[in-house]
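Position 1 is the first residue of the sequence; numbering continues from there.
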Amino acid sequence: MKKRMWLFLLVMVLAALDVIAVDHLRINAAASKTSGNADENHSAAGEQNGRKENSGIPPAEVACIIREELRLFPIPRSITHPAYQAAYEDSWMSARTFGGERGHEGTDIMLDPDERGLFPVLSMTDGVIEKKGWLPQGGYRLGIRSTGGIFYYYAHLYDYADGIEPGTAVVAGQLLGFAGDSGYSNIEGTVGNFPVHLHVGIYYNDEHGVETAVDPYPFLVPLPIVTTEF
């Protein structure tokens, strides 16, 4: 009798643990579904609007994941035109005004010559394309989710490379498209409102499942730059 009672209690405990585990999975799944939401509003377009400011410094474990995943600088160096230049600085939370006052959530890589469609944009990481298309702030953009759960954001593109579609897996160094000056308009296809450049954004989900921006600048600085013909 005692043995049966102990077995009954053991089964009840295991069942309770199973319920807790299922609830935990549901919570994580719900958090996962909210990831990338900022890409649909001003925030992942590189602009903070209505969200609490952060320092741009991620937790140590998140920073470690980002450093491990980033393989190369997104703009290559031209073999045939060594005078072509890509320059950037730490512009985290610099003032922006399109659509309202806000801070800049990303790093702008400015390009010379100022010619849309000239500079290739390469994937910095392996991952899966999660977002593609037009946003008012970001213009033609791409959002790539890495295996580590980090969201890498590329904005103001001129156009996309063949085969770049949501759900498609990409690898570091793969051509994503070409840098441009699209965006800052509700009218899809608008260009010319600022110089040609690539906006890079990095986002992670915090412990509450809230998508949070990271200052990309310190992660971009040590990245190797590949050379190619263009």
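Smallest separation of non-hydrogen atoms from I65 and G148: CG2-CA, 4.2 Å. When all heavy atoms of N54 and A213 are compared, the closest pair comes out as OD1-O, 3.3 Å. When all heavy atoms are compared, the tightest approach of Y140 to Y158 is CD1-O, 4.3 Å. Contact between I144 and S123 at its shortest, heavy atoms only, is CD1-OG, 3.9 Å. Here the shortest heavy-atom pairing between W134 and G189 reads CZ3-N, 3.2 Å. Shortest non-hydrogen contact noted between R141 and K131 is NH2-CB, 3.8 Å.
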Would you be so kind as to tabulate the donor-acceptor pairs closer than 3.5 Å made by side chains of residues 190-197, with sequence neighbours excluded?
from : atom 1 : to   : atom 2 : distance (Å)
T190 : OG1    : S185 : OG     : 3.0
T190 : OG1    : I187 : O      : 2.7
N193 : ND2    : G183 : O      : 3.4
N193 : ND2    : Y184 : O      : 3.2
H197 : ND1    : P195 : O      : 2.9

For residues 166-175, which side-chain N or O atoms pair as donor and acceptor with protein atoms under 3.5 Å away, sequence neighbours left out?
from : atom 1 : to   : atom 2 : distance (Å)
T168 : OG1    : E165 : O      : 3.0
Q174 : OE1    : V171 : N      : 3.2

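Annotation: the span from T212 atom OG1 to I202 atom CD1 amounts to 13.5 Å, rounded to 0.5 Å. Of the inter-residue distances, the one linking F219 atom CZ with I66 atom CD1 reads 4.5 Å to the nearest 0.5 angstrom.
Using a 4.5 Å heavy-atom cutoff, the side chains of L176 and L122 are not in contact. Using a 4.5 Å heavy-atom threshold, the side chains of L135 and Y153 count as touching.
Residues passing the ring pair (Phe, Tyr, Trp, His ring centres under 6.0 Å) test with F119 are Y84, F230, sequence neighbours excluded. Residues passing the side chain to side chain donor-acceptor pair (under 3.5 Å) test with S146 are E69, sequence neighbours excluded. By the salt bridge (charged side-chain N to carboxylate O under 4.0 Å, His left out) test, D215 is found to be paired with no residue, residues two or more places apart in sequence or in another chain being considered. Partners of D159 according to the side chain to side chain contact (heavy atoms under 4.5 Å, CB included) rule, which considers only residues two or more places apart in sequence or in another chain, are F178. For R67, there are no salt bridge (charged side-chain N to carboxylate O under 4.0 Å, His left out) partners at least two apart in sequence or on another chain. Listed by chain and number, the residues in a side chain to side chain contact (heavy atoms under 4.5 Å, CB included) with E68 are C64 (sequence neighbours excluded). F73 meets the ring pair (Phe, Tyr, Trp, His ring centres under 6.0 Å) test with Y88; sequence neighbours excluded. Considering only residues two or more places apart in sequence or on other chains, E229 meets the side chain to side chain contact (heavy atoms under 4.5 Å, CB included) condition with I79, T80.
In this structure, K132 contributes its side chain and I164 its backbone to a donor-acceptor pair below 3.5 Å. Within the 3.5 Å criterion, the main-chain N or O of V226 finds no donor-acceptor partner in the side chain of T228. A donor-acceptor pair is defined here as one N or O able to donate and one able to accept, closer than 3.5 Å; no such pair exists between the side chain of Y154 and the backbone of A179. Of the possible donor and acceptor atoms, one in the side chain of T107 sits under 3.5 Å from a partner among the backbone N and O of Y217. The closest donor-acceptor contact from the side chain of S182 to the backbone of L157 lies under 3.5 Å.
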Yes or no on side chain to side chain contact (heavy atoms under 4.5 Å, CB included) for I75 and L198, after CA distance, side-chain angles and deciding distance? CA-CA 8 Å; I75 301 294; L198 174 67; 4.0 Å; yes
Apply side chain to side chain contact (heavy atoms under 4.5 Å, CB included) to the pair R145 and Y152, showing each step before the final yes or no. CA-CA 6 Å; R145 183 74 60 182; Y152 296 95; over 6 Å; no
Evaluate the side chain to side chain contact (heavy atoms under 4.5 Å, CB included) criterion for residues L223 and L72: first the C-alpha distance (whole Å), next the side-chain angles of each, then the deciding distance (0.1 Å), finally the verdict. CA-CA 5 Å; L223 293 180; L72 50 83; 5.7 Å; no
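Within the structure, no pair that satisfies the salt bridge (Lys or Arg N to Asp or Glu O under 4.0 Å) test touches residues 188-209, not counting sequence neighbours. Note on residues 168-185: pairs passing salt bridge (Lys or Arg N to Asp or Glu O under 4.0 Å), not counting sequence neighbours, are R116-D181.
Hydrophobic clustering of Ile, Leu, Val, Met, Phe, Trp and Tyr side chains at less than 4.5 Å, counting indirect connections, unites V62 with V221. The cluster map of Ile, Leu, Val, Met, Phe, Trp and Tyr, joined by side-chain heavy atoms under 4.5 Å apart, puts Y160 and M124 in the same cluster.
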